[in-house]
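By convention here, the first residue in the shown sequence is residue 1. Side chains are part of it too, since the values below use all heavy atoms of this structure and drop only hydrogens, waters and symmetry mates.
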Amino acid sequence: FGAYSLVIGRRSQAVEVLRQAYQLDPASPVIASVYMWLMARNGQIQEAIEVAERAAEQYPDNARVLMSLATTYERAGLHDEELAVCERLGAAEGDKVTASMFKAVALAHLGRLDEARLLAEETLSGADSQVLERVILEVYRTTSLRNAPRLSDLRRVLLEAGQGNVLDF
């Protein structure tokens, strides 16, 4: 019901449904990550950070929780913390390509643009088209990459890597 509320534009109702789900099952990394993402999107940054940090303590190697924590820090403008979580994400089980791209976004936020561009180029150069499409959509969906002016160079690297294989952003 929470996802349905979100889809039809009832964000506050979706937040309440997910808050109740989280209270019933705070041990679920899926519920926690969706709840923190939605709170951050809804401007409830401090509460999102608290949920995210709690979930990351419970599930220190859960890639989904770590990606949600990184994007929550990103929304809060806490880019040093964002990069530290991306380092943990790279060591966690799961998708190393997406983890590297999240790290590239964090580096770019910190003004380390050459390092971010190089990491993105190295990461994406060997990826097949299905991986590229999934990674580009995930990074665009969850980070500020699509609309942050200072990330335009990194955005160009992503789009060039996905040439002909992904949606036109």
Side-chain angles (χ1 to χ4, degrees), residues 22 26-162 166 169:
Y22 179 71
S28 168
V30 173
I31 292 173
S33 62
V34 173
Y35 179 48
M36 70 180 92
W37 173 82
L38 185 56
M39 283 189 304
R41 296 267 323 227
N42 210 33
Q44 298 168 282
I45 299 295
Q46 190 55 46
E47 190 175 349
I49 288 172
E50 290 169 12
V51 170
E53 289 175 345
R54 207 171 312 122
E57 285 175 16
Q58 284 184 295
Y59 302 98
D61 297 322
N62 185 295
R64 182 181 198 132
V65 168
L66 293 174
M67 280 191 282
S68 294
L69 179 57
T71 56
T72 302
Y73 281 145
E74 178 193 29
R75 286 186 183 277
L78 301 170
H79 301 303
D80 288 322
E81 290 85 346
E82 174 191 5
L83 180 59
V85 172
C86 290
E87 296 285 351
R88 287 175 55 195
L89 181 59
E93 288 297 316
D95 177 3
K96 301 301 181 194
V97 175
T98 301
S100 292
M101 289 310 303
F102 268 68
K103 182 177 178 181
V105 170
L107 289 167
H109 278 300
L110 290 169
R112 295 163 59 180
L113 298 175
D114 289 339
E115 197 176 340
R117 186 176 49 252
L118 182 62
L119 177 59
E121 288 170 349
E122 289 174 355
T123 299
L124 298 174
S125 66
D128 66 42
S129 62
Q130 286 183 333
V131 170
L132 280 174
E133 182 174 340
R134 183 184 42 70
V135 168
I136 292 170
L137 289 173
E138 178 72 13
V139 171
Y140 260 78
R141 182 182 66 82
T142 59
T143 71
S144 64
L145 186 62
R146 100 183 103 213
N147 57 12
R150 76 180 308 196
L151 303 184
S152 62
D153 200 28
L154 185 57
R155 185 169 45 247
R156 191 175 344 94
V157 169
L158 251 180
L159 294 176
E160 287 171 3
V166 295
F169 295 103

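For Gln58, there are no side-chain hydrogen bond (donor to acceptor under 3.5 Å, both in side chains) partners at least two apart in sequence or on another chain. Scanning for salt bridge (Lys or Arg N to Asp or Glu O under 4.0 Å) contacts around Glu122 gives an empty result, with sequence neighbours left out. Take Tyr73 and apply the ring-ring contact (aromatic ring centres under 6.0 Å, His included) test, not counting sequence neighbours, and it matches no residue. Evaluation of the side-chain contact (heavy atoms from CB on, under 4.5 Å) rule for Ala76 yields Ile45, Ile49, Leu78 as partners, not counting sequence neighbours. With sequence neighbours excluded, the residues satisfying side-chain contact (heavy atoms from CB on, under 4.5 Å) with Ser100 are Leu119, Thr123. The side-chain contact (heavy atoms from CB on, under 4.5 Å) search around Ala56 returns Val65, Leu66, Leu69, Arg88, not counting sequence neighbours.
In this structure the side chain of Leu83 reaches within 4.5 angstrom of the side chain of Lys103, judged on heavy atoms.
Residue Asp114 holds its CG atom at 11.0 Å from CG of Leu107, rounded to the nearest 0.5 Å. Put simply, CD on Gln44 and CD on Gln46 are 11.5 Å apart, with the number rounded to the nearest 0.5 Å. In this structure, OG1 on Thr71 lies 8.0 Å from CE on Met36, to the nearest 0.5 angstrom.
The minimum heavy-atom distance linking Ala70 with Cys86 is given by the pair CB-SG, 4.0 Å. Smallest separation of non-hydrogen atoms from Val51 and Ala32: CG1-O, 4.0 Å. Nearest heavy atoms, Ala104 versus Ala116: O-CB, 3.2 Å. Here the closest non-hydrogen pair linking His109 and Glu74 is NE2-OE2, 2.6 Å.
Ser28 contributes a side-chain N or O that, together with a main-chain N or O of Ile31, makes up a donor-acceptor pair within less than 3.5 Å.
Within the structure, every pair that satisfies the salt bridge (charged side-chain N to carboxylate O under 4.0 Å, His left out) test and touches residues 43-66, not counting sequence neighbours, is listed here: Arg19-Glu47.
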